[in-house]
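What follows is a set of notes on a single structure, which appears directly below.
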Amino acid sequence: MALSLRRIRAKKKIVSCTHCSEWMEVGALAMSVVCPKCRQRVIIEDYQIRSYHASRKLQTCGNVVVYKGATLSASTKAANMTVGGSVWGDVEVLGKLEVRKSGYMRGDVRASRLVVREGAMLEGYYEIGLMKIEPPRSKTGARVESPLT
Amino acid sequence: MTGANGEFSTTIGPDASFKGEITFEKGLRILGKFEGHIKAKGQLHIGEGAKVQADVDTGSAEIDGEMKGNLIAKRRIQLSSSSRLEGDLETARLEIADGAVFVGNCKVSPQSNGKPDPGQSGKKTVPTVGSVAAAKK
């Protein structure tokens, strides 16, 4: 038990601060951290929207999934995002944004990679593939997982 | 025309360069360079390595190469992983593969079939917190 806990603690991942874009190494199970550069609280956990979620901003270093039938109404920033429901608001994704055939997006979108399945409905200004983002290697030599798929 | 083997009746070859306006009925494949306007009801294919700088109004489009300009397709647009599109896009159905580069305004809805929007009757409205709370009551 103690050994497995130690293994879990040793796992790290690299995330980019949602406020200043600084890369930092955090524990794999951390939910939020304080950015060492800008001293702002950074949320790391994943979000799963299954019904209705409305807020001014939704910013996370983790992944966001909007399930079919669900609605997200917010300006969103995430590492990766999958949209099966409706998304209202601007979206910025460092990694991959996938819009499924049941997905509906209205707002401006910036992403490194975009996959759109036939049947999805989109409206807005799109900037895809212009961001060149590569997470740096771990300084401590620990095994780190990339946040970007 | 796209036959059973997927061939197009009109092809602009990889060593060809075309400037001007072109119209076609069934199918056009561009493998070289094109500059101007394209207006058609059929299918347009921009092959890998092709460079197109044009405003396009067509039935459906499949893009593997580079394109600059506005693209309207009544039925369907497909962007492959090697494609690069800089310009506005309007279609009824859109498919984008991982790796495609796209910069511009995007409008994908079944109403974007070249016909005028019938009073925006089928348009979704933004659900507000108040409306959801009222619905729960």
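In what follows, chains carry the letters A, B, and so on, assigned in the order in which the sequence lines appear, proteins first and then strands, with residues in each chain numbered from 1.
The existence of a salt bridge linking B:K107 and A:E123 is excluded, since no basic side-chain nitrogen approaches an acidic carboxylate oxygen closer than 4.0 Å.
Comparing B:D88, B:N105, B:V101 by how many heavy-atom pairs each has under 4.5 Å with chain A, the most go to B:N105.
By a heavy-atom distance cut of under 4.5 Å, B:R76, B:R84 are the residues of residues 76-85 of chain B near chain A, going up by number.
Remark: the backbone N or O of A:N63 is paired with a side-chain donor or acceptor of A:D46 at under 3.5 angstrom. No donor-acceptor distance shorter than 3.5 angstrom exists from the side chain of A:T18 to the backbone of A:Q59, with no hydrogens or angles considered.
Using a 4.5 Å cut-off between heavy atoms, A:L130 touches chain B through its side chain atoms alone.
Under a hydrophobic-cluster definition in which Ile, Leu, Val, Met, Phe, Trp and Tyr are linked whenever side-chain heavy atoms come within less than 4.5 Å, directly or via other members, B:L44 and B:I12 are assigned to the same cluster.
A donor atom on one side chain and an acceptor atom on the other are found under 3.5 Å apart for B:H45 and B:D64.
In this structure, B:R29 forms no cation-pi arrangement with B:F8, as its terminal cationic atom is not both closer than 6.0 Å to the ring centre and no more than 45° off the ring axis.
Evaluation of the side-chain contact (heavy atoms from CB on, under 4.5 Å) rule for A:A70 yields A:I49, A:V66 as partners, not counting sequence neighbours.
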